[in-house]
Amino acid sequence: MKNKEIKELSAEELHEKLAEYRKQHADLKMAHAVTPLENPLQIRKVRKTVARLATEITNRENQ
């Protein structure tokens, strides 16, 4: 997800997406540990999306 898309989400949607992407990240890490993924850069992309979502949630809470 891009930052522009993340800023357009409501607070509830942010929390839902964060949980969804955290689960996806854990699943990708587990799959990669068992057998190497075809595209291991997926893990990095999902991890950065999780960080973007968490940052936006923190920014909204601090305002």
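Excluded from the calculations below are hydrogen atoms, water molecules and symmetry mates; all remaining heavy atoms, backbone and side chain alike, are included.
- Under the 4.5 Å side-chain criterion, counting only non-hydrogen atoms from C-beta, M1 is in contact with Y21.
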Please assess H25 against K29 for the test side chain to side chain contact (heavy atoms under 4.5 Å, CB included), listing each intermediate value before the final yes or no.
-> CA-CA 6 Å; H25 182 252; K29 280 177 42 178; 3.2 Å; yes

Can you list the steps and then say if K17 with I6 is a side chain to side chain contact (heavy atoms under 4.5 Å, CB included)?
-> CA-CA 9 Å; K17 290 284 187 184; I6 291 172; over 6 Å; no

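- With values rounded to the nearest 0.5 angstrom, S10 atom OG is found 9.0 Å from H15 atom NE2.
- In this structure, L41 and R44 have side chains that are in contact, with non-hydrogen atoms separated by less than 4.5 Å.
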Evaluate the criterion side chain to side chain contact (heavy atoms under 4.5 Å, CB included) for residue pair V50 and R47; output intermediate values, then yes/no.
-> CA-CA 5 Å; V50 167; R47 185 179 71 232; 5.7 Å; no

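- Contact of the L9 side chain with the E56 side chain is not registered, since no non-hydrogen atoms from C-beta on lie closer than 4.5 Å.
- Side-chain atoms of E8 do not come within 3.5 Å of backbone N or O of E5 as any donor-acceptor pair.
- Scanning both residues, A54 and L18, for their nearest heavy atoms gives N-CD1, 4.2 Å.
- Residue D27 holds its CG atom at 8.5 Å from CE of M30, rounded to the nearest 0.5 Å.
- N39 CG to L28 CG: the interatomic distance, rounded to the nearest 0.5 Å, is 10.0 Å.
- Between T58 atom OG1 and L14 atom CG the span is 10.5 Å, to the nearest 0.5 Å.
- Between P36 and H32, the shortest heavy-atom contact is CA-ND1, 3.7 Å.
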